[in-house]
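Here is the structure we will look at, set down as structure tokens.
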Amino acid sequence: MIKCIASDMDGTLLTGSGSISEGNKQAIQLAQAKGIEFIVATGRSYQEAQYALKQVGIVCPVISVNGAVVVGNDGKMITSQQLSKEDATAIAAILANDDIYFEVYTNDGTYTNNLEKAISVMVDVFTSANHHISKEQVEAFAKGRISEGFVHSVENFEEIFKDESKEVYKLLAFSSKLEKLKEARSALAAFTNIAVSSSGDGNLEITSVQAQKGIALQKFVSSKGISLIETMAIGDNDNDLSMLKLVGKAVAMGNAPAHIKAQAHYVTETNELDGVAKAIQAVLES
């Protein structure tokens, strides 16, 4: 019997426009009403995850920044796993040397050193990887991240890395030039204390090796007296693998690449066709 459901956000719970459908909302709330724990597990910051959840009135714990931060229903941080400042500085140097745009996720929000590039790079990456999403949609989303205060501007990332009050959780790199990302990933293989994953074509997500969705989910269910066998995880990309490989019921989205589907026990519909809701309904009916 499934007692906990963990869902990724982008490409999974969210449609291409970044919203949670009515079908997904109703299925989640029905599961919660039946006593099943529902938790989001996302690469997004907690603030960005909450923004999407609040739009439809969903209240749940959140594993954010790929497992670097876990926040409870009450909005209070349960655990955090940060990158060392030394590793963050060295990683930033590698990305900058390869002319790869990146953002830095911290306990004080997400930072960019180039607001214009934050928009243009995201448009290039998302429209090349998702042909059904228009340039205007992506541009509106990218500008919204800034106007809503999710992304802050800093002149130099050294300010972040030298600030003792800042905890660095993740570096998120974007490029439409996949060969550059491949080269950067190869260079990052020399680091033993980090995890490198991806939430889609055109990005790299770099965190502490302890900041992975699977590790965070394992700790969460254990704190609730729930086993991983009694847990279902739903995802669509590489940064979901750490949890898909651990749970009793692993569900891949219909829009997931083949190697993700190969790790799943079940493949549901796409994120545009309420795939999360259909997976939840299947559990409730079993």
Side-chain angles (χ1 to χ4, degrees), residues 2 5-32 36 38-45 48-58 60 62-66 122-123 125-142 144-145 172 174 197-203 205 213 217 231-244 247 249-284:
I2 296 299
I5 298 170
S7 174
D8 171 49
M9 292 195 86
D10 292 278
T12 301
L13 180 59
L14 304 182
T15 63
S17 63
S19 61
I20 298 172
S21 70
E22 182 64 22
N24 283 347
K25 169 194 168 180
Q26 290 184 6
I28 290 166
Q29 292 180 333
L30 179 59
Q32 289 176 321
I36 297 173
F38 178 81
I39 184 168
V40 158
T42 180
R44 291 185 172 211
S45 67
E48 286 192 76
Q50 272 297 99
Y51 181 79
L53 293 167
K54 282 183 177 178
Q55 296 299 305
V56 294
I58 293 174
C60 67
V62 176
I63 294 170
S64 63
V65 206
N66 277 1
M122 189 168 284
V123 169
V125 170
F126 276 74
T127 54
S128 62
N130 303 278
H131 300 296
H132 62 285
I133 303 176
S134 71
K135 177 181 177 181
E136 290 73 24
Q137 279 180 302
V138 180
E139 194 169 85
F141 171 73
R145 293 178 74 223
L172 174 61
F174 288 107
S197 61
S198 171
S199 57
D201 290 339
N203 74 45
E205 305 199 14
K213 292 183 182 183
L217 180 59
T231 302
M232 176 169 82
I234 314 169
D236 76 308
N237 228 301
D238 289 351
N239 66 345
D240 300 312
L241 280 174
S242 64
M243 63 178 183
L244 292 177
V247 297
K249 190 171 184 67
V251 179
M253 297 299 294
N255 48 286
H259 71 283
I260 302 298
K261 291 178 179 176
Q263 296 292 331
H265 301 115
Y266 166 66
V267 178
T268 186
E269 277 285 4
T270 70
N271 62 319
E272 300 294 341
L273 295 174
D274 291 355
V276 168
K278 289 179 171 60
I280 293 174
Q281 287 160 3
V283 163
L284 296 181

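Numbers here are sequence positions counted from 1. Here the structure is a predicted model, which is why all the values come from computation and not from measurement.
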Please report the shortest heavy-atom distance between [X] and [Y], naming the atom on each side.
| X | Y | answer |
| --- | --- | --- |
| Gly275 | Thr268 | O-OG1, 2.7 Å |
| Gly23 | Ala277 | O-CB, 3.5 Å |
| Asp274 | Ser21 | OD1-OG, 2.6 Å |
| Ile280 | Ala31 | CG2-CB, 4.0 Å |
| Ala52 | Gly18 | CB-O, 4.4 Å |
| Glu272 | Gly16 | OE2-N, 2.7 Å |

Once you round to the nearest 0.5 Å, how far does [atom1] of [X] lie from [atom2] of [Y]?
| X | Y | atom1 | atom2 | result |
| --- | --- | --- | --- | --- |
| Asn255 | Asn271 | CG | CG | 4.0 Å |
| Thr270 | Lys278 | OG1 | NZ | 8.5 Å |
| Leu14 | Ile20 | CG | CD1 | 5.5 Å |

### Task
Could you tell me whether the side chain of Val56 reaches within less than 4.5 Å of the side chain of Asn24, counting heavy atoms only?
no
Tyr51 meets the ring-ring contact (aromatic ring centres under 6.0 Å, His included) criterion, sequence neighbours left out, with Phe150
Please name all residues satisfying side chain to side chain contact (heavy atoms under 4.5 Å, CB included) with [X], sequence neighbours left out, ordered by chain then number.
| X | result |
| --- | --- |
| Thr231 | Cys4, Leu217, Val221, Ile226, Val247 |
| Gln50 | Tyr46, Leu53, Lys54, Val62 |
| Gln26 | Glu22 |

With sequence neighbours left out, the residues meeting side-chain hydrogen bond (donor to acceptor under 3.5 Å, both in side chains) with Ser17 are Thr15, Ser19
request  = Would you tell me whether Asn237 and Ser199 have side-chain atoms, one donor and one acceptor, within less than 3.5 Å of each other?
outcome  = no
When Asp8, Thr42, Asn66 are each screened for side-chain hydrogen bond (donor to acceptor under 3.5 Å, both in side chains) with Lys213, the one that passes is Asp8
task = Keeping the roles fixed (side chain from Asp236, backbone from Met253), state whether a donor-acceptor pair exists under 3.5 Å.
result = no
- request: Keeping the roles fixed (side chain from Asn203, backbone from Ser198), state whether a donor-acceptor pair exists under 3.5 Å.
  value: no
Validation: residues 259-266 side-chain donor-acceptor distances under 3.5 Å, sequence neighbours left out:
from: His259; atom 1: NE2; to: Asp238; atom 2: OD1; distance (Å): 2.6
from: Lys261; atom 1: NZ; to: Gly254; atom 2: O; distance (Å): 3.0
from: His265; atom 1: ND1; to: Ala250; atom 2: N; distance (Å): 2.8

